[in-house]
Every structure is written in structure tokens, then in C-alpha cells.
Amino acid sequence: MTERTCLHDGRLFAPRRADQQYCSRACKERAHSKRQRERADQVGCSVVDCARKATHPAMKAPLCSMHYRRKRLYGDVGGAASRRGGRMGLAPCATPGCIRKYYADDLCAMHYNRRRTTGEVGPPGPLKAAAGEGCHTTRGGYRVVVYQSGVCVKKIAEHRLVMAQILGRPLHPFESPHHRNGIRSDNRPENLELWTKPQPADQRPEDLAAWVVEFYPDLVAAEVRARSLT
């Protein structure tokens with residue numbers, strides 16, 4: 001066959017078929033895309049009052065990208081106006097009792113994502129505990145709380161947190177709260193007492209005395225006063 005000129009890029013090529021008009025499949029696809037874009041510039045969305053250009057002009061009822069996505073996801077193109085637009089962050093959530101602002105489909109972001117994943121919007125409040133309110137129990141029976149520390153969310157054993165609040169200071173690594181009744185989840189202040197385990201376990205008496213004076217001067221002073229009165 002005699003050489004032909006590709007209708008897309010104008011290059012000469014040797015056709016393999018009598019009806020071949022493009023030098024390659026890539027040129028054919030590019031030419032098709034170009035025709036689609038040119039047609040889209042001339043064809044508007046078929047939804048009444050929608051002034052957008054059709055991004056899918058080959059459809060029997062051409063649609064813009066917004067209405068095409070609506071039809072694909074929900075089966076209905078809906079009205080011409082955007083469902084989010086200026087309402088996002090301004091209008092209230094449609095869930096009764098929710099004080100959050102509109103995100104999509106008349107719902108805030110939390111309820112919208114909850115309905116998308118579970119099928120139901122659920123209660124107005126969050127299902128997860130906020131920082132400082134959540135807790136869980138370990139296999140050993142100790143309760144662990146989640147709290148906010150600056151910009152970080154941290155975890156701490158609840159009995160250590162309660163004892164630190166009682167003492168008005170953080171606990172030393174060698175200090176541990178002891179549960180008087182043996183129930184590890186009972187972290188009432190009256191059920192906790194402070195125990196210590198200095199390291200190393202074996203020490204000279206003078207070193208042990210110096211260690212106690214360094215870390216517990218108030219207790220040492222109180223004991224000296226009590227002994228002086230006897």
C-alpha cells in the first residue's frame with residue numbers, strides 16, 4: 001500500500017489495513033480525546049439551569065463533571081446548584097443535637113464519614129473519647145488513661161497519675177503506687193499508697209540514709225521531730 005499521512009500528527013506511515021488513518025494506536029486515541037474536548041467546548045450540561053460544560057459529551061444526555069459524579073454515586077443528578085458550595089462550614093449539621101457545621105449531604109464531616117462507613121449517622125456526639133477522657137484496662141488489670149500533653153496525646157497508668165496528683169509532683173522511676181485492697185483497677189486515692197524500690201537493691205546503710213534524705217527530706221524531718229518528742 002502507498003504511504004498515507006496520519007490524520008493526527010501529519011507523519012507519513014505505511015498502512016497495514018485499507019481503512020487505517022492513523023500511524024499508531026496512540027495517535028488514534030489522542031485524536032479521539034481531542035475531538036471529545038472540542039465537542040465538550042460546544043456542548044453544555046443537559047441538567048436544567050446548569051451552565052457548566054459537559055465533560056462527558058458522548059452521553060445521550062451530556063453531563064458536567066459534578067452531575068456525572070452524582071449520577072454515578074447516587075443514581076440521580078439532582079439540581080443544578082452545588083450541594084456544598086457556600087454552605088460548607090456555615091450551615092448546621094442536620095443531625096439532631098449536633099452543633100458541628102455542614103460538610104456534605106446536610107451533614108458535618110463526622111456524621112458524613114460515619115454514615116459512609118457504617119450506613120447510619122449515629123448519635124450527635126463522637127463515639128471516641130476525647131483526649132483526657134479515654135481509658136482501657138490492660139491484661140494485668142491496670143487502667144491506662146489517654147491524656148493531652150501539649151500537642152501530643154500520651155498514655156499513662158491511671159494509678160500513677162492519681163498518685164502524682166496526690167503528691168503534687170511526678171513520680172520517680174523507682175516509685176510505684178500500691179493498691180491496698182489488691183484490686184488493680186480501683187484507683188481511688190484512699191486505696192493507694194506509695195511504695196519505693198531504690199536501686200541497686202543492696203546498699204551500704206550510709207548510702208541508703210543519704211538516698212532517703214535526698215528524695216524524701218520532708219518525711220525524714222517529720223520522723224526526726226516525732227522521735228524528739230518521745
Side-chain angles (χ1 to χ4, degrees), residues 88-104 107-118 120-230:
M88 188 173 183
L90 300 176
C93 177
T95 304
C98 180
I99 61 175
R100 296 171 179 81
K101 298 301 181 181
Y102 174 92
Y103 173 74
L107 299 173
C108 64
M110 181 184 71
H111 288 108
Y112 175 80
N113 289 319
R114 188 185 294 169
R115 189 185 66 178
R116 187 180 63 177
T117 54
T118 65
E120 299 180 355
V121 295
L127 299 178
K128 293 182 179 180
E133 299 177 358
C135 65
H136 67 273
T137 304
T138 65
R139 292 182 178 179
Y142 295 103
R143 286 169 56 87
V144 177
V145 298
V146 181
Y147 72 103
Q148 188 77 27
S149 176
V151 296
C152 301
V153 176
K154 298 183 178 181
K155 297 180 180 180
I156 186 174
E158 188 180 52
H159 61 291
R160 293 187 65 86
L161 180 62
V162 173
M163 181 56 70
Q165 293 172 348
I166 295 174
L167 299 176
R169 62 169 176 82
L171 268 64
H172 297 296
F174 51 80
E175 294 177 325
S176 61
H178 171 69
H179 296 85
R180 297 177 187 269
N181 61 6
I183 302 176
R184 295 175 175 178
S185 60
D186 185 359
N187 295 319
R188 294 172 298 140
E190 57 270 21
N191 188 45
L192 298 177
E193 62 180 5
L194 186 65
W195 283 18
T196 63
K197 185 177 181 180
Q199 294 293 334
D202 296 328
Q203 291 181 304
R204 294 189 297 270
E206 56 271 22
D207 294 337
L208 181 59
W211 181 87
V212 173
V213 171
E214 178 182 358
F215 287 99
Y216 302 102
D218 296 339
L219 295 178
V220 172
E223 183 66 22
V224 170
R225 287 194 299 269
R227 288 174 179 265
S228 64
L229 296 176
T230 58

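All values reported here derive from a predicted model rather than from experimental measurement.
In terms of the salt bridge (Lys or Arg N to Asp or Glu O under 4.0 Å) criterion, Glu120 has no residue partners (sequence neighbours excluded).
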### Query
Would Thr196 and Phe215 satisfy side chain to side chain contact (heavy atoms under 4.5 Å, CB included), going step by step from the backbone distance to the final call?
CA-CA 11 Å; Thr196 63; Phe215 287 99; over 6 Å; no

### Task
Check the pair His159, Arg184 against side chain to side chain contact (heavy atoms under 4.5 Å, CB included), reporting the backbone distance first and the verdict last.
CA-CA 8 Å; His159 61 291; Arg184 295 175 175 178; over 6 Å; no

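Put simply, CG on Leu107 and OG1 on Thr95 are 5.0 Å apart, with the number rounded to the nearest 0.5 Å. The SG atom of Cys93 sits 10.5 Å away from the CD1 atom of Ile99 when rounded to the nearest 0.5 Å. Here the CD-CG distance, from Glu214 to Asp207, works out to 11.0 Å after rounding to the nearest 0.5 Å.
When all heavy atoms are compared, the tightest approach of Val144 to Lys155 is CG1-CB, 3.9 Å. Considering all non-hydrogen atoms of both residues, Cys98 and Pro124 come closest at N-CB, 3.7 Å. Minimum heavy-atom separation, Arg100 to Cys108: CB-CB, 3.6 Å. The minimum heavy-atom distance linking Arg188 with Asn181 is given by the pair NH2-ND2, 4.2 Å.
With hydrogens and angles disregarded, a donor-acceptor distance shorter than 3.5 Å links the side chain of Asn191 to the backbone of Asp186.
For the pair Pro123 and Arg114, the minimum side-chain heavy-atom distance is below 4.5 Å. Side-chain contact between Pro126 and Met110 is present, with at least one heavy-atom pair separated by less than 4.5 Å.
Taking the six-membered ring where the residue is Trp, Tyr142 and His179 present tilted rings, their angle falling between 30° and 60°.
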Could you pull out all donor-acceptor pairs under 3.5 Å where a side-chain atom in residues 160-173 meets a protein atom, sequence neighbours excluded?
from   : atom 1 : to     : atom 2 : distance (Å)
Arg160 : NH1    : Glu175 : O      : 2.8
Arg160 : NH2    : His172 : O      : 3.4
Arg169 : NH1    : Glu175 : OE1    : 3.1
Arg169 : NH2    : Glu175 : OE2    : 3.0

